[in-house]
Structure formats: structure tokens, C-alpha cells
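Comments concern the structure below.
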Amino acid sequence: MENETPESKPTNVTKSTESTESTEAESTKNNSVEATAKPSEPRRAWADEADDDDELAASSPSPASSSLGLDLDELAIDDSKKKKADSLDEPEDSNIKAVTSGHTLYSTAMTFEDLNLSTELLKGLYVGMNFKRPSKIQSISLPMILTPPHKDLVAQAHNGSGKTTCFVLGMLSRVDVKLREPQALCICPTRELAIQNLEVLMKMGQFTGITSVLAVPEKPGVGVPTHKMPPVTAQIVIGTPGTIGKWLGHGKLGMRALKILVFDEADHMLAEGGFRDDSLKVIKAIEKVNKHCQVLLFSATFNDVVKSFVSRVVRDGNQLFVKKEELSLDVVKQYKVHCPDELAKISVIRDKIFEYGDKVGQTIVFVRTRTSAAALHESLAKDGYVCTSIHGTIDHENRDKVVKEFREGLTKVLISTDILARGFDQSQVNLVVNYDLPFIHDHRAEPDYEVYLHRCGRAGRFGRKGAVFNFLRTDNDYVLMDKIQRHFGHQVHEIHDWRSDQQFEDALKAAGLL
DNA sequence: GAAGCTC
């Protein structure tokens, strides 16, 4: 696959087109702005064609290039009276708070043409991905990513709203195909996410001739040892921290030509107890040889602790944030199910999830530990319930196989640890079960809000319907659940009798799944 | 009592 893709030409999105070239804005350092789309109209047209992409763009008519001038005055106008009722009809219709740095004005990209992408890349979007228009986060973030001086960006957006496209397109459009060196690097918290992102990249970039490589561990014994490996010449590298660190350590990953560094699930990648040290090492390795590398941080969640750290890593960058109350927990319907004991939990899986699961699509059952994943799997399999499970002790080959079979729809129920809590994008997943609620290690009465939100986000991809069933057994479970409700300001409905078919049916109907 | 990440 050779093709010439000229170095990206991200021009033309530099300034807001309509509306008074701001005079005030220029004097302001940080302009804070709220880009608001109106409450949505019924959406579904796109949901049906979205298929296995979470990134499907909305298909509704759009206003001619509205300006998201990052200027308070402009936006005030935009916000208050400009109807935009006919604007993007998307799941993430809500406020995104944008804080820009410096004087660059950005307009929103109402179409992909607005971004001045290469024809090969546009073809990838339309033909390869079957996209129509940028989603909201795409329309706002892509101009920021592509417009010189290529400022760093921290971007928060809802689960299933199309974040992947933002950074994949960012990477693809900045690569010089003639230069046979790594120019874009994307670091992900799990093997599964790295693979998924690379697949999106290859699909979207299939007409560009851009080369890419996956940096995740190989099966032990196969492949050449790292020290014998030739230096990476692929133009885009996507992988996990360990392998990327290893390649860097052996001098196989040149960083001189790197133009763009992406952290997917960035809050976790920069969290203490997450991958902070690995991430900082990579950043330092790049800074040593390279002064002009754009850094992009994407996630659906940034808690306050991480947020303050993030702004120290990425200073002088643009920022997009969403209020926690608006983080899309409303597209999936949440329920709590009181289970008197573990047997009741298993019964609910058997008699309700397996019973109704097929009718409503696929299901992911989240458990807290590897051993409970294996135990639950075995208990179900023993009685002939067909499912698979995935967690960190399963070897890589089998992990890949389990994911592949699930993606092909061969399996309907997948038991998982939090290995799949973040980012895993499978549009047929309409049901999420929290067999165990996520809590902070060493603080069992403190919910892990981020993990909870990410797990829920596996259902209802790109605005589809979805339901989440939280199994509550102990007093502590109720404490966790109450805190979760308060934190997100959401009412979680109760299923009073775990044995009642009727109550589950009603719940699924209320969620729009039956 | 944890999940994920190189060898």
C-alpha cells in the first residue's frame, strides 16, 4: 500500500468564519467558552447504521459552519439565541467547556471537508469508516488538533462519542508518508485497547499508504528478541507502556521525528497507581531529542486529582471538559438488584441475563478479580451456559481469541475484569452487569467512580440504548451504590425481587431494549 | 482482598 499523502495540511480552521473577528478575544489569555447544542431530537437514524463503529457521525442536517469562536462574546451569542436546534443530533449533546490557550481562534468543523484533510484520508472516513459528519467532540477538537501551532490538548468526552477518531485522525493527518520514521505514538492502558485503536487506524488510513505497528507483547518464544529487532520504521506506533518502554530502552524507537504523542484513557495513564511513571518516562525520552511534539490527552473521565496533575504535564494547551453530571450516564438505564447471596447472583445471570440477553444483544459481566472471573465462568459453563471470560492471567493468544469471538458475535456473554472497563468498543453490547461494584483498593467503602462510569459506557455505544444491572449483596454494596448515585446525581432504579421475570422485563422495556 | 502494564 503505497500512496502519496502529502504532509497534512491543516489549514483553514484557524479562525472563526462568521461573526466579528473578535477584538476582545485577542487581549484575553484564556478564553472560556461553553459550546452548547440544544437538547436532542429523537435520534436513531445513525444508531442503526453505526454497526461496529462507535464513531459514526451524526446524519442530521447541520447549520452552515457555526463558529465556536473561543471567545466569550461570540459564544454568549451562540449560546443564548442561536437555535442550533438543527445542529448535530448526537448522544453527547451537552455542554463542553472549552478553555483555549493563546490567541488562536478555532471554528468548529461541521464537515470533514472543513478540516482540509487529504483526499485519501477523506476517502478513509467516508468509504472506509462510513462516517458522514464529525461528531460534536470531533467538530470541536479536530480543528484544535490540526491547526498550527499544534497546541497540546486535553479533551474529555462521553463514552462512545467518537474520541478515537479524534486522535487517530490527528495522527494520520500529521504523518509525512515519505519519511520512514515514527511520527506518531499512541499509548494505551491495555493490549485490547491498543489493538482496537490500531484497527481503527488501519481502516481509516487504508488509502493513505501510512505505515503502522502494534507495540504489545508477543507470544513468548516467537519473534525476535528486542535487542535484535531492527529500529522501528513504521510511521505510527500504537501500544502499551511496557512494550513501548522496552523498545525505547533498547533504542529501537526513534523519537526525533515524532510530531504527536497520544495518551488514550489519559487520566488512567497519568494516575498515580496507574501508569504515571511509565508515561512520564516516555515524555522525558521525547523531550530529550525533540522540542516540538504535540501531546493529546483523551478520556471520558478526569477526576480533580488527575486533572490538576494533567495541567502540569500539558501546560499552555487547549482544554475540553464536561461536567460530571453530564457524563452520559443517562443514555443507559441503571438498576440495582438485591441479591441475598452469591447463589442469587449466579441465578440472576443464568435466568435473567442469559434468558433475555440474546434478545437485547451482547452482555459484559464485570467482576472485581481474576479468580472470580474464572470461578463464575466455570460455574456457568458447568451447567451448559455458553460464555467466555477475559482477564490478565489468560495468555495473550487466548485473550485475542476471546475478543475476536465476542466481536464476531459468536459469544453473547463475556465475563471480564476491569481489563475491558475502559474503551472497549463493541456496538452490540447493550447490557452491562456489575457483578461486583468497583471500589478503591484499600478503601472498600469508596466507589471507583471513574471505573463505574467506564464500565457503564460499554453499553449504549454511540447513543444506542443500554441497561446496567448492579448486583448488591452486602451493606457495603449499598454504601457504594448510594455514593455512586449521589456523585453522578442519578437515580438508580431498584429491582425489588431478583426472582421476578416480570421486573426484569419491565426494566429492559424501560431501557428501550425490549 | 486489585486491576492493568516488559522480561
Side-chain angles (χ1 to χ4, degrees), chain A residues 185-197 213-229 232 237-253 263-283 285 299 301 306 342 364-376 389-396 399-400 402-403 414-424 434-455 458 473-477 479-480:
Chain A
L185 175 62
C186 172
I187 313 182
C188 318
T190 63
R191 171 191 188 83
E192 283 67 26
L193 207 44
I195 292 172
Q196 177 177 290
N197 286 335
V213 68
L214 183 67
V216 302
E218 291 190 86
K219 196 164 58 158
V222 309
V224 288
T226 309
H227 65 276
K228 289 187 183 160
M229 190 177 108
V232 172
V237 181
I238 300 182
T240 45
T243 301
I244 288 170
K246 192 175 66 169
W247 289 6
L248 273 174
H250 285 83
K252 305 298 186 186
L253 204 52
F263 290 99
D264 193 8
E265 306 299 341
D267 61 324
H268 190 229
M269 297 306 294
L270 293 173
E272 238 179 332
F275 292 106
R276 178 178 294 185
D277 293 346
D278 299 279
S279 298
L280 292 180
K281 255 180 231 164
V282 175
I283 291 174
S299 183
T301 51
V306 184
E342 288 299 312
I364 299 181
V365 179
F366 283 107
V367 297
R368 203 176 58 83
T369 67
R370 299 165 168 188
T371 49
S372 51
L376 178 59
S389 57
I390 186 167
H391 52 78
T393 41
I394 294 179
D395 65 65
H396 297 144
R399 275 164 64 168
D400 293 350
V402 165
V403 167
L414 176 56
I415 300 162
S416 174
T417 58
D418 285 327
I419 193 171
L420 291 191
R422 285 171 172 265
F424 182 72
N434 286 317
Y435 194 90
D436 308 306
L437 286 176
F439 57 77
I440 306 287
H441 186 49
D442 289 342
H443 301 278
R444 52 177 302 142
E446 270 308 301
D448 192 324
Y449 300 111
E450 285 75 38
V451 168
Y452 181 80
L453 187 102
H454 282 281
R455 284 181 178 185
R458 295 321 99 211
R473 185 170 66 81
T474 64
D475 288 346
N476 191 56
D477 290 339
V479 171
L480 293 170

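We name chains A, B, ... by the order of the sequence lines, and we start the count at 1 in each one. Just so it is clear, the model here is predicted, and its values are computed rather than measured.
A/Gly392 comes within 4.0 angstrom of sugar-phosphate atoms only, judged by non-hydrogen atoms across all strands, and of no base. Using a 4.0 Å heavy-atom cutoff across all strands shown, A/Gly239 reaches no nucleic acid atom at all. Residue A/Arg370 is classed as a sugar-phosphate contact, given heavy-atom separations below 4.0 Å to backbone atoms only. Counting any heavy atom pair closer than 4.0 Å across all strands shown, A/Gly274 reaches a base atom.
Distance NZ (A/Lys219) to P (B/dT6): 17 Å, rounded to an integer number of Å. Going from atom CZ of A/Arg399 over to atom C1' of B/dA3 covers 11 Å, rounded to whole Å. Counting to the nearest Å, the P atom of B/dA3 and the CG atom of A/Leu420 are 14 Å from each other. For the pair A/His227 NE2 and B/dT6 P, the interatomic distance rounds to 19 Å; values are reported in whole Å. Straight-line distance from the CG atom of A/Leu480 to the C1' atom of B/dA2: 14 Å, rounded to whole Å. Summarising the geometry, the separation between CD on A/Glu218 and P on B/dT6 is reported as 12 Å, rounded to the nearest angstrom. In this entry the distance linking NE2 of A/His391 with C1' of B/dC5 reads 17 Å, nearest Å. Nucleotide B/dT6 holds its P atom 10 Å from the CG atom of A/Leu214, rounded to whole Å.
Atoms CG and CZ, from A/Leu414 and A/Arg458 in turn, are 12.5 Å apart once rounded to the nearest 0.5 Å. For the atom pair CG (A/Leu185) and CZ (A/Phe263), the distance works out to 7.5 Å, reported to the nearest 0.5 Å.
Contact annotation: A/Thr417 side-chain N/O to B/dG4 OP1/OP2 distance is under 4.0 Å. Listed pair A/Thr243 / B/dT6 meets the phosphate criterion, a side-chain N or O lying under 4.0 Å from OP1 or OP2. Between A/Arg455 and B/dA3 there is no side-chain N or O to OP1 or OP2 distance below 4.0 Å.
Distance alone, capped at 3.5 Å, is enough to place a donor-acceptor pair between the A/Ser372 side chain and the A/Thr369 backbone. A donor-acceptor pair is defined here as one N or O able to donate and one able to accept, closer than 3.5 Å; no such pair exists between the side chain of A/Lys246 and the backbone of A/Thr226.
A/His268 and A/Ser299 share no side-chain donor-acceptor pair at under 3.5 Å.
Side-chain proximity of A/Pro241 to B/dA3, B/dC5, B/dT6: nearest is B/dC5. Side-chain atoms of A/Lys246 lie closest to B/dT6 of the nucleotides B/dA2, B/dT6, B/dC5.
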